[in-house]
Enquirer: 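Sharing a structure here in structure tokens format.
Note that the structure is predicted; figures quoted are calculated from it, not measured. As a basis for the values below, the full set of heavy atoms in this structure was taken, side chains included, without hydrogen atoms, waters or symmetry mates.
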Amino acid sequence: MHRFTMASRLFAFAAVLLTALSAQGARGVVIKVGGASFPSVPYTIAAGKFSSENPVTVVYSGSNSGTGQKYAFNGEFQVGASDVPISTSLYGSNGTIIALPAIAGGLVVTYNVPGLPKDLQLKFSRRVLPRIFDGSVSMWNDPLLVADNPSLAEKNAKIIVITRSAGSGSTIFFTKGLKLMDASSNYASSPYENPKFTFNMNNSVRAATTDAAAVIVGSFPYTLTYLSQNEAAVARASSNGDCSTALAQHLNGDFIRCNLESLALAVKNVPQDNIDSLNYNTEGLNTLDVNVPGAYPLTIISNFILRPSEISSDKAMTVWALKFIWFFISQPEFATSQTFVSLYQTPIGDRTLSRISSITQRDEVLYGNSVCDPLPNGSYLHPCVNGFCEDLNPFQDSSAQCTCVYGFGNYGQSDCSEVTPYFSPVWTSYVKYFFMATAVLVVGGMLSQLIRMKADPDVKAMSPPCCAFILSGFLLAGISILFHATSPTPSTCVANIVTASIAFGMVFSMIFLKSIRIFFIFRYTRLARLGIFQDAVLIALATIFAIIDGIIAGVYTQVNKVGPRIQELTGSSKEVWVCGVEGDTEGSSRSTISALLIVLLAFNGLLVVLCLVAGHLTRSASRKFDESKKIWSMVSVCALILLISMSVMLGLPSDTEAMLNLKNVLFSGTVWLLSILSPIILFGPSLLGSLQTNIRESSLGHNSGSIQSGENSDWKTAEVGKSTALLYNVGVKAVKALAIWDTALIILMPDMNMAFIMKSETHIFTKFTKCKVKPAAATTKDAQGTFRLELALDKNTDLLEFATKEKMDEFRSIHTQCVVNNNMKREETSGMRKQTSRSIK
């Protein structure tokens with residue numbers, strides 16, 4: 001009992017430990033991205049989406065471009081964000097950090113003027129807008145403003161300009177735009193030519209953050225500021241309808257609305273020479289005032305900031321950071337949904353993707369190791385032939401492969417170009433083949449030995465037909481491992497469950513019925529003699545149980561649509577086909593292992609419990625009846641194995657390739673262990689004892705130099721010296737209440753009137769004539785197909801059971817002859833004594 005408890009605790013501890021370890025993974029990795037507030041909304045949305053699809057967490061912290069550069073430089077951020085050129089203090093001759101174009105958007109002038117028509121957008125010309133922000137135009141009804149906006153004539157209110165800090169990327173780019181406007185309008189002595197110029201007019205208010213600036217403009221009348229499209233939307237949402245965005249004047253004099261079309265025109269028409277000559281370490285790519293009709297004048301490009309020499313000391317963090325950059329650029333909806341322009345499949349975006357693909361981790365190449373690493377244009381160098389790449393981002397491990405459509409797999413290649421063979425050539429399948437082969441050899445060998453020696457008393461006492469039925473179930477269980485080793489098909493997935501269910505249904509139902517028969521033999525002897533407990537009846541009932549088990553399993557497979565399913569693997573882009581139960585969503589299907597456990601426990605678990613109950617009821621018989629002991633031991637071991645394997649396998653996740661393989665091997669190993677260990681416990685000692693008896697008889701014949709066998713192997717004649725020994729294998733049972741059958745070897749030496757009776761617990765050596773032999777109550781074939789004699793020695797009487805009537809008659813004949821010979825010797829001895837007495841006289 002102590003060993004059982006310790007084993008249970010160890011297995012439980014192992015299950016908990018494995019579950020805990022499997023829960024640990026890349027989810028603890030946090031990628032920090034931050035800096036510019038201008039693109040913070042699309043970056044934040046992309047970070048949330050990336051985190052939900054991958055076992056990492058990406059966090060975006062919006063502040064300003066300077067912070068993005070500084071924190072990327074010192075390693076606080078794995079990826080920085082900045083709208084402005086890199087500060088000269090943060091790069092040297094080797095380019096410590098680099099700026100990679102990531103997204104394009106527009107700065108819009110946002111205002112709050114009460115009483116204007118709702119659909120009106122004010123026009124700020126290239127002459128007027130710079131004057132508002134240098135303080136020259138400070139009233140809403142200034143003639144310069146009214147010239148383009150007559151509706152402002154009656155707005156005699158002061159313009160309150162909301163500004164940002166000088167280090168803000170929006171401020172820097174807006175100042176550059178104003179400088180270009182002054183230059184195009186030939187404005188003399190533009191204040192924006194002064195590098196130290198700041199927005200510090202008497203009518204200005206500085207907001208701490210961009211969000212604060214948006215809220216102020218949305219809430220207070222006669223205010224004005226510069227915002228991104230998203231921030232302007234926040235301002236409009238917080239107003240009472242008086243907040244709107246102005247039109248900016250193009251170089252050709254047209255007033256342009258900031259939208260996706262006008263922004264895209266600016267991005268697409270950046271000269272290719274500017275893109276090719278872009279220095280990632282200094283000046284960013286300029287998209288202000290692109291001289292193409294319809295292009296928005298205040299279009300700017302925001303950049304990712306990286307330290308390519310060491311994004312992180314941890315390779316995994318470096319890879320995930322690069323994956324996030326590729327993920328953001330290659331999915332345009334993050335930009336377009338927020339009125340930004342995506343750089344994907346543009347010369348600018350291709351340049352960024354090409355640059356990050358060249359980044360290494362301590363000279364270790366990170367890009368191009370897998371067939372599923374895409375090119376910057378979205379295509380693949382070696383595309384999947386019959387499948388697809390689940391992970392659309394590059395920097396994948398070399399083990400990453402194409403996810404194959406049903407019927408194809410990756411065995412020597414990684415592109416799903418190979419047809420799936422019926423027998424899967426993977427290491428787990430080879431282990432299962434070994435399990436199947438050894439189970440079939442062991443159980444098949446025991447079954448053949450049982451059939452060959454069915455007439456042997458040791459074997460016959462076990463009820464060979466019922467034992468053969470049990471061994472057939474174990475043999476079928478061993479064969480069922482083969483279906484678990486094959487490639488998933490609709491038929492093999494169903495056979496996985498149905499075959500194993502039928503196999504163990506045969507085993508446990510017959511064990512239960514045999515236990516019931518033993519119970520009635522020892523408790524209700526008269527009922528036990530009824531025909532309902534004959535072997536043929538038990539086999540018929542067990543067959544019905546097995547069929548019911550198979551029907552339950554078959555219905556389960558149909559209701560739950562068991563078949564080939566895609567199994568997603570955590571921490572890897574690899575997906576595999578497994579037999580599974582249809583789930584609510586793709587990738588959520590339960591493994592066939594869980595399905596098998598459910599079905600096996602549903603019916604066979606009940607049979608195991610019933611076997612344990614029956615074993616408990618026959619516990620008194622198990623102290624005397626050897627077969628009852630074996631059944632109780634076997635059922636107890638099976639219950640323990642099933643309990644442990646169920647706890648471990650249900651506790652293990654299936655979301656990684658290692659765990660999935662481990663569960664597959666554990667399940668097949670459980671079936672294999674039950675298929676081999678159970679029949680060894682049940683039939684091993686009897687079959688081995690019978691085999692040893694045959695070997696002993698053969699050895700005796702070999703040593704004497706002559707053995708003559710009769711037609712039946714249970715009777716043999718051996719010449720030992722000048723004496724002849726006759727060997728009989730018989731069943732023996734004491735003629736008394738509650739006696740049980742045992743086996744015995746009787747060795748007769750008629751010419752010496754000697755008999756050796758060798759039982760399992762006692763050995764008797766006596767003169768054969770001291771034994772009294774007479775026919776039992778019936779000397780013809782009874783219901784059990786045996787022939788019996790009563791053998792009395794001293795005060796003990798045993799019932800001997802012979803396999804055939806000929807053997808029984810032979811035994812009686814030898815005994816009669818020994819008695820006659822013994823009487824003749826007595827008479828001769830008595831006559832000789834009388835003759836000697838007369839001679840003396």
Enquirer: If I compare all heavy atoms of Pro374 with all of Leu392, which pair ends up nearest, and what's the gap?
Expert: CG-O, 3.3 Å
Enquirer: Does the side chain to side chain contact (heavy atoms under 4.5 Å, CB included) test come out yes or no for Leu152 and Met139, once each step is laid out?
Expert: CA-CA 10 Å; Leu152 293 176; Met139 300 294 293; over 6 Å; no
Enquirer: Just by distance, with hydrogens left out, do Thr318 and Gln361 show a side-chain donor and acceptor under 3.5 Å apart?
Expert: yes
Enquirer: Would you please test Trp320 and Asn54 for side chain to side chain contact (heavy atoms under 4.5 Å, CB included) and show each step?
Expert: CA-CA 9 Å; Trp320 284 116; Asn54 296 280; 3.6 Å; yes
Enquirer: Keeping Ser262 on the side-chain end and Asn259 on the backbone end, is there a donor-acceptor pair under 3.5 Å?
Expert: yes
Enquirer: Spell out, as yes or no, whether a donor-acceptor pair under 3.5 Å connects the side chain of Asn203 to the backbone of Ile160.
Expert: no
Enquirer: Quick one: are Val234 and Asp211 in side-chain contact, heavy atoms under 4.5 Å?
Expert: no
Enquirer: For Arg126, is there an ion pair with Asp289 - N to carboxylate O distance below 4.0 angstrom?
Expert: yes
Enquirer: So, taking the atom named CG in Asn303 and the one named CD1 in Ile301, what distance separates them when rounded to the nearest 0.5 Å?
Expert: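 Asn303 atom CG to Ile301 atom CD1 measures 7.5 Å (nearest 0.5 Å).
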Enquirer: Quick check for you: to the nearest 0.5 Å, what is the distance between Leu178 atom CG and Met181 atom CE?
Expert: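 That separation rounds to 6.0 Å.
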Enquirer: Does a donor on one side chain sit under 3.5 Å from an acceptor on the other, for Tyr226 and Thr163?
Expert: no
Enquirer: Who are the side chain to side chain donor-acceptor pair (under 3.5 Å) partners of Asp182, not counting sequence neighbours?
Expert: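 Listed in chain order: Arg131, Ser190.
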Enquirer: With a 6.0 Å cut-off on the ring centroids, do Phe38 and Phe340 count as close?
Expert: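 Yes, the ring of Phe38 comes within the 6.0 Å limit of the ring of Phe340, centre to centre.
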Enquirer: I'd like to know if the side chain of Ser51 reaches the main chain of Val58, judged simply by a donor and an acceptor atom lying under 3.5 Å from each other, with no hydrogens or angles considered.
Expert: yes
Enquirer: Any heavy-atom pair between the side chains of Arg257 and Gln121 that's under 4.5 Å?
Expert: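 Yes, their side chains come closer than 4.5 Å.
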Enquirer: Under 6.0 Å between ring centres: does that hold for Phe174 and Phe133?
Expert: yes
Enquirer: Could you measure the distance from the NZ atom of Lys179 to the OG1 atom of Thr175? Nearest 0.5 Å is fine.
Expert: 10.5 Å
Enquirer: Are side-chain N/O atoms of Ser82 and Gln69 paired as donor and acceptor at under 3.5 Å?
Expert: yes
Enquirer: Got Pro114 and Tyr222 here, is their nearest side-chain heavy-atom distance under 4.5 Å?
Expert: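 In short, these two side chains touch, coming nearer than 4.5 Å.
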Enquirer: Given the rule in the side chain to side chain contact (heavy atoms under 4.5 Å, CB included) test, do Ile305 and Val79 qualify, once you have shown the distances and angles that lead to the verdict?
Expert: CA-CA 6 Å; Ile305 306 298; Val79 181; over 6 Å; no
Enquirer: Test your reading of the model: is there a side-chain donor-acceptor pair from Arg307 to the backbone of Asn74, 3.5 Å cut-off?
Expert: no
Enquirer: Distance-only, no hydrogens or angles: does the Asn64 side chain make a donor-acceptor pair with backbone N or O of Gly66 under 3.5 Å?
Expert: yes
Enquirer: Hey, mind stepping through Ile162 and Tyr111 against side chain to side chain contact (heavy atoms under 4.5 Å, CB included) and telling me if it holds?
Expert: CA-CA 10 Å; Ile162 311 300; Tyr111 58 88; over 6 Å; no
Enquirer: Are any side-chain N or O atoms of Glu231 and backbone N or O atoms of Ser228, one a donor and one an acceptor, separated by less than 3.5 Å?
Expert: yes
Enquirer: For the CG atom of Asp350 and the OG1 atom of Thr346, what is their distance to the nearest 0.5 Å?
Expert: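 The distance works out to 6.0 Å.
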Enquirer: Taking Gln78 for its side chain and Ile31 for its backbone only, find out whether a donor-acceptor pair lies under 3.5 Å.
Expert: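 Such a contact is absent between Gln78 side chain and Ile31 backbone.
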Enquirer: Quick check for you: to the nearest 0.5 Å, what is the distance between Leu107 atom CG and Thr171 atom OG1?
Expert: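 Rounded to the nearest 0.5 Å, the CG-OG1 separation comes to 9.0 Å.
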Enquirer: Report yes or no: is the SG-SG distance between Cys402 and Cys384 under 2.5 Å?
Expert: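 With an SG-SG separation under 2.5 Å, Cys402 and Cys384 do form a disulfide.
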Enquirer: List the atom pairs, with distances to 0.1 Å, where a side-chain N or O of residues 324-333 and a protein N or O form a donor-acceptor pair under 3.5 Å, not counting sequence neighbours.
Expert:
unit_1: Ser330; atom_1: OG; unit_2: Trp326; atom_2: O; d: 2.7
unit_1: Ser330; atom_1: OG; unit_2: Phe327; atom_2: O; d: 3.4

Enquirer: Please name the pair of heavy atoms, one in Glu53 and one in Lys49, separated by the smallest distance, quoted to 0.1 Å.
Expert: OE2-CE, 2.7 Å
Enquirer: List the residues meeting ring pair (Phe, Tyr, Trp, His ring centres under 6.0 Å) with Phe255, not counting sequence neighbours, and say none if there are none.
Expert: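 Expected list: none.
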Enquirer: Where is the tightest heavy-atom contact between Gly169 and Val84, given as atom of each residue plus distance?
Expert: CA-CG1, 3.5 Å
Enquirer: Classify the side-chain pair Thr360/Asp363 by whether it contains a donor and acceptor separated by less than 3.5 Å.
Expert: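 Result is no, nothing qualifies.
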Enquirer: If you draw a 6.0 Å radius around NZ in Lys70, do more than 12 non-hydrogen atoms from other residues or ligands fall strictly inside?
Expert: no
Enquirer: So, Asp373 and Ser370: side-chain donor and acceptor under 3.5 Å apart, yes or no?
Expert: no
Enquirer: Taking atom CD of Glu261 as the centre, report whether more than 12 heavy atoms of other residues, nucleotides or ligands fall under 6.0 Å from it.
Expert: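 Not more than 12 within 6.0 Å, no.
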Enquirer: Report yes or no: does Gln249 contribute a side-chain atom to a donor-acceptor pair with the main-chain N or O of Asp254 at less than 3.5 Å?
Expert: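 No, because the side chain of Gln249 does not come within donor-acceptor range (under 3.5 Å) of the backbone of Asp254.
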Enquirer: Determine whether Leu224 and Val217 make a side-chain contact, defined as any pair of heavy atoms from C-beta on separated by less than 4.5 Å.
Expert: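 Side chain of Leu224 against side chain of Val217, heavy atoms only: no contact under 4.5 Å found.
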Enquirer: Testing Asp142, Ile159, Leu144 one by one against Ile132 for a side-chain contact (heavy atoms from CB on, under 4.5 Å), which residue passes?
Expert: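 It is Ile159; the other options fail the test.
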Enquirer: Please check if the number of heavy atoms outside Asn202 that lie under 6.0 Å from its CG is greater than 12.
Expert: no
Enquirer: Hey, are Thr210 and Ser37 close enough side-chain-wise for a donor-acceptor pair under 3.5 Å?
Expert: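 Side-chain D/A pair, Ser37 to Thr210: present.
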Enquirer: Ignoring hydrogens and geometry, is there a side-chain-to-backbone donor-acceptor pair from Gln396 to Asp391 under 3.5 Å?
Expert: yes
Enquirer: How about Asp134 and Ser136: does a side-chain donor come under 3.5 Å of a side-chain acceptor?
Expert: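 A pair is found: one side chain offers a donor N or O, the other an acceptor, under 3.5 Å apart.
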Enquirer: Considering all heavy atoms of both residues, which atom of Ile103 and which atom of Pro39 are nearest to each other, and what is their separation?
Expert: CG2-CB, 3.9 Å
Enquirer: Can you name the closest pair of heavy atoms from Pro376 and Tyr344 and give their distance?
Expert: O-CE1, 3.8 Å
Enquirer: Can Thr198 and Asn200 be counted as having a side-chain donor-acceptor contact under 3.5 angstrom?
Expert: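 Looking only at side-chain atoms, Asn200 and Thr198 do not form any donor-acceptor pair under 3.5 Å.
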Enquirer: Mind checking whether Pro221 and Val113 have side chains closer than 4.5 Å, heavy atoms only?
Expert: no
Enquirer: If only atom types and distance count, is the side chain of Ser168 paired as donor or acceptor with the main-chain N or O of Arg164 below 3.5 Å?
Expert: no
Enquirer: At what distance, to the nearest 0.5 angstrom, does CZ of Phe124 lie from OG1 of Thr245?
Expert: 10.0 Å
Enquirer: Verify the distance criterion only: is there a donor paired with an acceptor across the side chains of Ser151 and Asn149 at less than 3.5 Å?
Expert: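 Side chains of Ser151 and Asn149: no pair found under 3.5 Å.
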Enquirer: Evaluate the ring planes of Tyr192 and Phe199, with Trp represented by its six-membered ring, and classify them as parallel (under 30°), tilted (30 to 60°) or perpendicular (over 60°).
Expert: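 The rings of Tyr192 and Phe199 stand perpendicular, inter-plane angle above 60°.
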Enquirer: Answer whether the closest heavy-atom distance between the side chains of Phe50 and Ile45 falls below 4.5 Å.
Expert: no
Enquirer: On a heavy-atom basis, which atom in Val290 and which in His250 lie closest, and how many Å separate them?
Expert: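 Result for this residue pair: O-NE2, 3.3 Å.
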Enquirer: What I'd like to find out is whether the side chain of Ile256 reaches to under 4.5 Å of the side chain of Leu247, using heavy atoms alone.
Expert: no
Enquirer: Are there over 12 heavy-atom neighbours, none belonging to Arg127, within less than 6.0 Å of that residue's CZ?
Expert: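 It does not: Arg127 CZ has 12 such atoms or fewer within range.
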Enquirer: Are the side chains of Leu306 and Ile356 in touch, meaning some heavy atoms are under 4.5 Å apart?
Expert: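 In short, these two side chains touch, coming nearer than 4.5 Å.
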